[in-house]
Amino acid sequence: MPRGQKSKLRAREKRRQALEESQDLGLQRTTSTTTNAATVSYTRSNDGASNEEGPRSSQDPTATEPLHRSPLDEKVFILVYYLLYKYQMKEPITKADMLRNVIQNYRNHFHEILKRASDHLELIFGLDTRELDPYKHIYVLINKLEPNCDGRVSDGSSLPKSGLLMLVLGVIFMKDNCATEEQMWEVLNMMGIFAGRRHYIYGEPRKLLTQDLVKENYLEYRQVPNSNPPRYEFLWGPRAHAETSKMRVLEFVAKIHNTVPSAFPTWYEEALQDEEERARARAAARARTAAMASARSRAMAGVRSRATASSSSHP
Amino acid sequence: MTSNHTSVPSYMQGSTRRVGIMTDVHRRFLQLLMTHGVLEEWDVKRLQKHCYKVHDCNATVEKLEDFINNINSVLESLYIEIKKGVTEDDGRPIYALVNLATTSVSKMASDFAENELDLFRKALELIIDSETGFASSTNILNLVDQLKGKKMRKKEAEQVLQKFVQHKWLVEKEGEFTLHCRAILEMEQYIRETYPDAVKVCNICHSLLIQGQSCETCGIKMHLPCVAKYFQSNSEPRCPHCNDYWPHEIPEVFDPEKEREAGISKSNKKPLRSRQH
């Protein structure tokens, strides 16, 4: 006799809850072959896991391999995937998000978990976890792989994604730090990259330039002031300023043209000036950090001496 | 310049099996695959060649299956793998990086609120229970009152559904929603465990079935690409289970060569129907 709709829904809900509760921290791992859906599930045995959550993982009689993973290890794996997911969605990662969605009860181990996750990401994915904003605790994953082939580029399709960005930044730089959309496409078309024509690396270039790279703060895309009908222009975004420099972009452009940066005297001048300013800013920042560090250690010493003084006066 | 060869240190290895060597070629491949979320086999092969070209231009391009198995042996220690699947509607081979841990939907690396995840569960249940594998937007939105967590208005729910589309969990076609092929790859195990009574399975490949054809006599179901392969060049298709005449139109087997030729001639035109990737 088929069960009524209501009791079926209730049973389903109970089963789902039970499954989720037992998997609260107990990761059940499945391995599956790619050709058929034969799956073997390994259940973690609760060996010596002295954790407060106490996952009620079910003992699977077919389990053949007890996997020894501590709850901290599991947090690392979840964090790795979380960071990769954010990377895919091109969203910045905040410490608050990580704590709320992944770390949860292990707040005290945040740095350890993050460090281990970052190590995995670096070793296996070649991604660097960098704190973009140390005050707001915003992190990004950056590709740290350097292309190590001979840098000569024969056609647009052999530029890695970061190469396309460098090219775009180069165009902007050489149009006086602000390139109109028409100027941009003129150059990209010469490299074989066309708006509307999907590229197997970049996807659709127009979306990449006007949305994706803008969202990632590499580019600014804005309307040309007082333009009617509206026309648009590109500028460097804050992240471009942070992650690269005019000189590096000029070097890249020079390489494409099989020459050297000094072959473009005006731009070379501007790039040199930019380098000097950056060097000055770095020196100033170092001085500030040093001053803050010594102020902090003086304050800490003061606190410690007061603490020992007060504790010695108490019974 | 030589590319950076590093073997994964032992503390990261999950099993005693031989772990592969990761080079920058593999790393870049993983990055780009991750960036796209899900890729068709043809694009995956081009991606692989690109990574070799950029990071180790003198090496021979390894056979794709071995290349991926090599990477997976390293990813195993992270409970992640590159999984191969087939799109349900037109049989395209696809690859995605998936999380192997069959934790609940809420652990699927998300920033979704409790009520948003519940909305997804409701949509998922409607999709699984449906005949066509699609749930209409109206039917999903009518369930907003039953959601756990903060009260959600229908307008909000519409936005959340669009978020799911963006995250490649759902696909929308003419006001109806079904599972994205990426979501099927990633959540198959979870779905089969959570809905063992309602879930449909293909009679041929035994994998989870959301969309497919069914025998009107005995009720067995088959994926469209499985139908295509099983009945290929068979003028009198019959149900493999009850032998009754198979009443549905038999689709074509997916041919990557034909696709490429067609693609080159209409590279600037929009696709006629939205595809699940």
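No hydrogens, no waters, no symmetry mates; every other heavy atom, side chains included, goes into these values. Below, chains carry the letters A, B, ... as their sequence lines are ordered, and counting in each starts from 1. These figures come from a predicted structure and were not determined experimentally.
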**Student:** With a cut-off of 6.0 Å (strictly less than), are more than 12 heavy atoms of other residues, nucleotides or ligands near NZ of B/Lys221?
**Tutor:**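 Atom NZ in B/Lys221 is packed in, count exceeds 12.
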
**Student:** Do B/Arg28 and A/Asn143 come within less than 4.5 Å of each other through their side chains, counting heavy atoms only?
**Tutor:** yes

**Student:** Please round to the nearest 0.5 Å and tell me the distance separating atom CD1 of A/Ile124 and atom CD of B/Gln31.
**Tutor:**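 These two atoms lie 12.5 Å from each other.
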
**Student:** Within a strict 4.5 Å, meaning less than it, do heavy atoms of the A/Phe125 and B/Leu33 side chains meet?
**Tutor:**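 Result no, sub-4.5 Å side-chain heavy-atom pair not found.
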
**Student:** Got a sec: does the NZ of A/Lys215 have more than 12 other heavy atoms crowding it under 6.0 Å?
**Tutor:**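 Enclosed.
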
**Student:** Which bit of B/Leu97 is near chain A, if near means a heavy-atom gap under 4.5 Å: side chain, backbone, both or neither?
**Tutor:**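 Both parts, backbone and side chain.
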
**Student:** Measure the spacing between OG1 of B/Thr35 and CG of A/Leu84 and express it to the nearest 0.5 Å.
**Tutor:** 9.5 Å

**Student:** Between A/Tyr85 and B/Met34, what is the shortest heavy-atom contact and its length?
**Tutor:**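 Minimum heavy-atom separation between A/Tyr85 and B/Met34: N-CE, 4.0 Å.
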
